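Read the structure below first, then the notes.
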Amino acid sequence: MARPAWDFSQPLNIDPPLWGTSFLELPEFYNVTALVLEARAWSWQEQAVPYPTSFHPSNSHLLESWLKRVRRSRRSTLMLFAGGGGIAATPNIRRSIRNECEYNTTDDDGASANDQICYIVDCSNGVCEHDPIRYMKPMLQANFCLQPPGDTPTRRSTFDAILAGCIPVFFEEQSAISQYGWHLPPELYDEFSVFIPKEDVVFKELKIVDVLQSIPDAKVRKMREKVIELMPRLMYRRHGSTLGLKTTKDAFDIAIDASLDRISTRLQDVLVQ
């Protein structure tokens with residue numbers, strides 16, 4: 001399902017619904033495994049899978065070429081935020097990020113980020129939706145990519161960043177660690193990402209820059225290698241890709257395998273009962 005689960009979870013007694021549909025609230029679908037871009041925290045029927053990005057390799061050569069580019073890319077920016085929001089007067093994590101970056105941020109005018117602490121790619125008003133170069137090039141030049149929640153906890157930017165070799169920085173567990181367990185096992189998060197509670201940033205004046213600058217360079221390099229190792233699990237191959245690339249399981253393969261395992265386990269539970 002190509003939207004977060006909330007868009008399919010409107011109450012059945014509201015007709016017409018305020019937005020989306022009531023698809024997942026229909027009793028007939030209670031025993032269906034729904035693969036969604038973002039799952040609800042308490043639902044038994046949903047499993048989050050990676051957002052599709054703009055990178056869909058068709059053969060092993062293209063994938064290997066991209067991995068080499070990611071490895072050799074010069075990381076001249078400490079941290080990057082690609083997104084909108086953060087301009088409201090009320091305290092929130094996006095506003096804190098913008099305030100922290102304001103004095104040393106380069107405006108997004110197509111220029112590359114050069115040796116700076118923070119870089120913002122302003123994606124307000126949908127300007128990034130069909131222009132992946134706008135954010136992927138700066139991501140290739142950044143060590144850390146900030147992933148604050150917005151209208152919902154998760155972001156496509158998380159997967160764009162990982163495919164650029166940019167270490168994700170999360171501010172709440174619902175943004176990833178409690179969502180994508182099939183593709184990003186929870187026990188691995190300390191190896192490839194950074195977690196900073198948003199409350200500490202917004203209300204306790206913790207500086208994101210201080211946290212990230214305190215991480216030793218050797219650990220940063222190790223985390224990036226883990227990001228690169230995970231990359232094939234999060235991409236979706238192009239349809240009709242070569243046999244060689246199909247030997248590497250992509251996000252679709254992993255989702256289908258895990259769905260079948262889940263169905264098998266539940267059938268066994270039923271038979272035991």
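Since we're looking at a predicted model, the values are computed, not measured. In what follows, every heavy atom counts, from backbone to side chain, and hydrogens, waters and symmetry copies are set aside.
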Within a reach of under 6.0 Å around [atom1] of [X], are more than 12 heavy atoms found that belong to other residues, nucleotides or ligands?
| X | atom1 | answer |
| --- | --- | --- |
| Glu205 | CD | no |
| Phe252 | CZ | no |
| Asp131 | CG | yes |
| Leu271 | CG | yes |
| Leu243 | CG | no |
| His61 | NE2 | no |

Task: Geometric class of the Trp6/Trp42 ring pair [parallel <30°, tilted 30-60°, perpendicular >60°] - done: perpendicular

Task: Parallel, tilted or perpendicular, as decided by the 30° and 60° cut-offs, for the rings of Phe8 and Phe23 - done: perpendicular

- [ ] Please collect all salt bridge (charged side-chain N to carboxylate O under 4.0 Å, His left out) contacts where either partner lies in residues 141-166, sequence neighbours excluded, each pair once.
- [x]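 Qualifying pairs: Arg156-Asp160.
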
- [ ] Return each pair, listed once, that meets salt bridge (charged side-chain N to carboxylate O under 4.0 Å, His left out) where at least one residue sits in residues 247-272; pairs must be two or more places apart or across chains.
- [x] Arg237-Asp250, Arg237-Asp253, Lys249-Asp257

With a 4.5 Å cut-off on side-chain heavy-atom distances among I, L, V, M, F, W and Y, is there a chain of contacts connecting [X] to [Y]?
| X | Y | result |
| --- | --- | --- |
| Ile215 | Val227 | yes |
| Leu188 | Ile162 | yes |
| Trp182 | Val36 | no |
| Val49 | Ile263 | no |
| Tyr30 | Val32 | no |

Between [X] and [Y], is there a side-chain N and carboxylate O pair less than 4.0 Å apart?
| X | Y | result |
| --- | --- | --- |
| Arg71 | Glu225 | yes |
| Lys219 | Asp190 | no |
| Arg40 | Glu46 | yes |

Distance-only polar pair, side chains of [X] and [Y], donor-acceptor under 3.5 Å:
| X | Y | result |
| --- | --- | --- |
| Asn143 | Arg224 | yes |
| Ser157 | Gln147 | yes |
| Glu38 | Thr152 | yes |
| Tyr51 | Thr154 | yes |

So, do [X] and [Y] sit near enough that their side-chain heavy atoms are less than 4.5 Å apart?
| X | Y | value |
| --- | --- | --- |
| Lys68 | Ser65 | no |
| Pro57 | Arg238 | no |
| Asp122 | Arg98 | yes |
| Ser54 | Tyr135 | yes |
| Ser58 | Leu245 | no |
| Ile256 | Ile254 | no |
| Val121 | Cys128 | yes |
| Arg95 | Asn92 | yes |

Minimum heavy-atom separation for [X] to [Y], with atom names?
| X | Y | value |
| --- | --- | --- |
| Ser22 | Leu12 | CB-CD2, 3.5 Å |
| Ile120 | Cys101 | CD1-CB, 3.9 Å |
| Tyr119 | Thr77 | CB-CG2, 3.9 Å |
| Ile177 | Pro186 | O-CG, 4.0 Å |
| Ala2 | Leu37 | O-CD1, 3.6 Å |
| Gly165 | Val70 | CA-CG1, 3.5 Å |

Task: Steps toward side chain to side chain contact (heavy atoms under 4.5 Å, CB included) verdict (Val202, Phe171) - done: CA-CA 11 Å; Val202 177; Phe171 299 91; over 6 Å; no

- [ ] Begin from the C-alpha positions of Met79 and Ile208 and carry the test side chain to side chain contact (heavy atoms under 4.5 Å, CB included) through to its verdict.
- [x] CA-CA 9 Å; Met79 65 186 196; Ile208 302 169; 3.8 Å; yes

TODO: Walk me through it: do Gln10 and Glu25 pass the test side chain to side chain contact (heavy atoms under 4.5 Å, CB included)?
DONE: CA-CA 7 Å; Gln10 298 309 299; Glu25 294 299 310; over 6 Å; no

Donor-acceptor under 3.5 Å ([X] side chain, [Y] main chain):
| X | Y | value |
| --- | --- | --- |
| Gln47 | Ala34 | no |
| His183 | Ala251 | yes |
| Trp66 | Ala164 | no |
| Ser73 | Leu140 | yes |
| Glu100 | Val209 | yes |

In Å and rounded to the nearest 0.5 Å, what is the [atom1] to [atom2] distance from [X] to [Y]?
| X | Y | atom1 | atom2 | value |
| --- | --- | --- | --- | --- |
| Ser193 | Met223 | OG | CE | 6.0 Å |
| Leu80 | Ile117 | CG | CD1 | 13.0 Å |
| Phe203 | Ser96 | CZ | OG | 8.0 Å |
| Leu62 | Leu67 | CG | CG | 11.0 Å |
| Ile196 | Phe170 | CD1 | CZ | 11.5 Å |
| Phe55 | Met235 | CZ | CE | 6.5 Å |

Open item on the list: For Glu173, give me all partners under salt bridge (Lys or Arg N to Asp or Glu O under 4.0 Å), at least two apart in sequence or on another chain.
Closed with: none

- [ ] Evaluate the side chain to side chain contact (heavy atoms under 4.5 Å, CB included) criterion for residues Phe192 and Glu229: first the C-alpha distance (whole Å), next the side-chain angles of each, then the deciding distance (0.1 Å), finally the verdict.
- [x] CA-CA 10 Å; Phe192 74 89; Glu229 177 187 322; over 6 Å; no

Open item on the list: Using ring centroids (six-membered ring only for Trp), state whether Tyr180 and Phe159 fall under 6.0 Å.
Closed with: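 Here the rings of Tyr180 and Phe159 have centres that are less than 6.0 Å from each other.
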
